[in-house]
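Only one structure is covered here, and it is reproduced in the block below.
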Amino acid sequence: MSLAAYACHPARSRGRRHAEPPAPTRDAFQRDRDRIVHSTAFRRLVYKTQVFLNHEGDLFRTRLTHSLEVAQLGRSIARALRINEDLVEAIALAHDLGHTPFGHAGQDALNACMEGHGGFEHNLQSLRVVDALEHRYPQYDGLNLSFETREGILKHCSRANAERLEAGEPHGVARRFLDRTQPGLEAQLCNLADAIAYNAHDIDDGVRSGLINVEQLGEVELFECYRREALAEYPQLEGRRVLYETIRRMLSAQVYDVIDATRAALEATKPADADDVRNAPPLVAFSETMQAQSNELKAFLFRNLYRHPQVRQTTDQAQQVVRELFEAYLERGAEMPVSYADRRDRQRAVADYIAGMTDRFAVREHERLTGRRGIS
């Protein structure tokens, strides 16, 4: 398949921070994807929470399975739009590399611990992982990924952090947060594929957990219309097959909606190349109707799943584990590996170490350091 003019073409990449000769059989973005897949941080995602902690069930999503689902959805849409599938896959597989153990609960706790020391943003941490914290190569720290992949990984960034990054890398990946410009289409697509994936799989995991049910979901238009459609075509359908078929139809509808809405935006804007995309308004989006339905679903999941008392109880315990780990390592730096203990910026070293932990390692370390089981 030939790429559209507005796609990110690997031959036109802005390159890597450390120059390297090209690979004989792979382009720049394929090489990025492969480096991400072989990284230590990527393997850790299999034991990092999405919504439910790793030990709560074998079939709940983890950060790894979530990243794979985002990559699958992203590639499907990218192919239809004739943008770069390999770049989409690389960004999707790397976008959560900096996430803490215990999901957003861990991130919020670590951010509070780092107040006054630069805070903690998991998107910025993902960039730190690929730029500095992976130690695999003799010539440099990090994975030395191409500009376009790094641009997509840095999905959000505060102005203060953008200014700091810009000072160290002028006109680099943080510049757009200061100029209010957009990333390439591939990065825009990954942002939306991320939301499509977690809305769908959080429904599945939420029902599997028993914390929400199909009857409750009847109040959500995006779910209920496709449940009725599935039952109209298959009247004998029951049990989990109803849920799976409904989610499958929801996903397909959202994918086709993004393709149609983005094609319309591209036709109206007519970007000549990837730089035109960056200077245009956001182009990858839902239609207004689908965006409203997606927002309704997000609000439902926030009220009924993410804020469920059982989830909140685990969240509170997880945040306490992170806070107490942070305090313990600050006081006893020698408990960390030498590569962290010897760093001058102790707070950032502790944050980097904790952010890299899996759920189960964090629980074990907390018990070792405090003598208490932090999560029941």
Side-chain angles (χ1 to χ4, degrees), residues 49-53 56-81 88 92 103 189-264 284-312 314:
T49 291
Q50 186 64 29
V51 173
F52 298 95
L53 299 191
E56 292 182 297
D58 292 339
L59 299 180
F60 293 130
R61 266 69 171 192
T62 66
R63 289 283 162 190
L64 180 63
T65 59
H66 164 69
S67 297
L68 294 173
E69 291 181 25
V70 175
Q72 181 273 315
L73 288 167
R75 290 197 70 132
S76 296
I77 298 169
R79 190 175 303 119
L81 296 174
V88 167
L189 172 55
C190 283
N191 291 348
L192 198 50
D194 186 21
I196 294 171
Y198 67 64
N199 278 343
H201 63 51
D202 287 355
I203 290 174
D204 187 7
D205 284 355
V207 172
R208 182 181 298 279
S209 72
L211 301 186
I212 59 175
N213 57 55
V214 172
E215 289 69 31
Q216 286 176 287
L217 283 158
E219 69 184 66
V220 179
E221 182 181 2
L222 183 59
F223 180 88
E224 182 60 15
C225 70
Y226 292 108
R227 187 187 72 85
R228 289 196 304 265
E229 184 183 276
L231 290 174
E233 186 171 350
Y234 301 103
Q236 305 307 315
L237 206 60
E238 58 185 19
R240 293 199 65 82
R241 292 188 190 225
V242 176
L243 181 67
Y244 292 150
E245 181 61 14
T246 302
I247 292 173
R248 186 188 70 79
R249 291 170 184 247
M250 276 177 49
L251 285 170
S252 294
Q254 290 174 93
V255 165
Y256 299 142
D257 184 90
V258 171
I259 292 169
D260 290 343
T262 303
R263 280 175 173 164
V284 181
F286 285 133
S287 66
E288 289 186 10
T289 299
M290 185 61 77
Q291 185 63 64
Q293 292 178 338
S294 176
N295 290 344
E296 181 191 24
L297 173 56
K298 287 180 184 178
F300 171 88
L301 290 170
F302 185 84
R303 289 193 311 271
N304 296 283
L305 181 60
Y306 310 143
R307 306 297 290 178
H308 189 283
Q310 187 172 319
V311 174
R312 286 290 301 275
T314 306

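On a predicted model such as this, the values are computed, not experimentally measured, just so you know. Numbers here are sequence positions counted from 1.
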What distance do N304 atom CG and D202 atom CG have between them, rounded to the nearest 0.5 Å?
12.5 Å

Are L222 and M290 close enough that some pair of their side-chain heavy atoms sits under 4.5 Å apart?
yes

Check: I77 and V284 side chains under 4.5 Å, non-hydrogen atoms
no

Derivation of the side chain to side chain contact (heavy atoms under 4.5 Å, CB included) call for R227 and L217:
CA-CA 10 Å; R227 187 187 72 85; L217 283 158; over 6 Å; no

Got a second to check how far N191's CG is from I196's CD1, nearest 0.5 Å?
11.0 Å

Looking only at heavy atoms, what is the nearest atom pair of R312 and Y306, with distance?
CD-O, 4.3 Å

Give, for atom CG of D204 and atom CD1 of I247, the distance between the pair rounded to the nearest 0.5 Å.
4.5 Å

Minimum heavy-atom distance between A285 and A261, given as atom pair plus value:
O-CB, 3.3 Å

Minimum-distance pair of heavy atoms, taken over all atoms of G103 and R63:
CA-NH2, 3.7 Å

Looking only at heavy atoms, which two atoms of L189 and G74 are closest? And how far apart?
CD2-O, 3.4 Å

Quick one: do F286 and Q293 satisfy side chain to side chain contact (heavy atoms under 4.5 Å, CB included)? Show the steps, please.
CA-CA 10 Å; F286 285 133; Q293 292 178 338; over 6 Å; no

Between OG of S294 and CG of N199, what distance do you get to the nearest 0.5 Å?
5.0 Å

Tell me, please, which residues at least two apart from Q72 pass side chain to side chain contact (heavy atoms under 4.5 Å, CB included).
S76

Let's go through I203 and L297 carefully: what are the C-alpha distance in whole Å and the side-chain angles of both, what is the deciding distance for side chain to side chain contact (heavy atoms under 4.5 Å, CB included) to 0.1 Å, and is it a yes or a no?
CA-CA 9 Å; I203 290 174; L297 173 56; 3.7 Å; yes

Answer yes or no: is there a side-chain heavy-atom contact under 4.5 Å between I259 and R263?
yes

Output the distance between atom CZ (R241) and atom OG1 (T246), rounded to the nearest 0.5 Å.
13.5 Å

Results of side chain to side chain donor-acceptor pair (under 3.5 Å) for R307 - residues two or more places apart only:
none

Considering all heavy atoms of both residues, which atom of C190 and which atom of V88 are nearest to each other, and what is their separation?
SG-O, 3.3 Å

A92 and V70: which non-hydrogen atoms are nearest, and at how many Å?
CB-CG1, 3.7 Å

May I ask you to test the E233-E229 pair for a side-chain heavy-atom distance under 4.5 Å?
no

Can you check whether L211's main-chain N or O pairs, donor with acceptor, with Q310's side chain at less than 3.5 Å?
no

Quick check for you: to the nearest 0.5 Å, what is the distance between L251 atom CG and Y256 atom OH?
10.5 Å

Between D257 and Q291, is there a side-chain heavy-atom distance shorter than 4.5 Å?
no

Take Y234 and V242 through the test side chain to side chain contact (heavy atoms under 4.5 Å, CB included) and record every step on the way to the result.
CA-CA 9 Å; Y234 301 103; V242 176; over 6 Å; no

Taking side chain as C-beta onward, heavy atoms only, is I212 less than 4.5 Å from L301?
yes

Taking the inter-plane angle between the rings of Y198 and H66 on a 0 to 90° scale, is it parallel (under 30°), tilted (30 to 60°) or perpendicular (over 60°)?
tilted

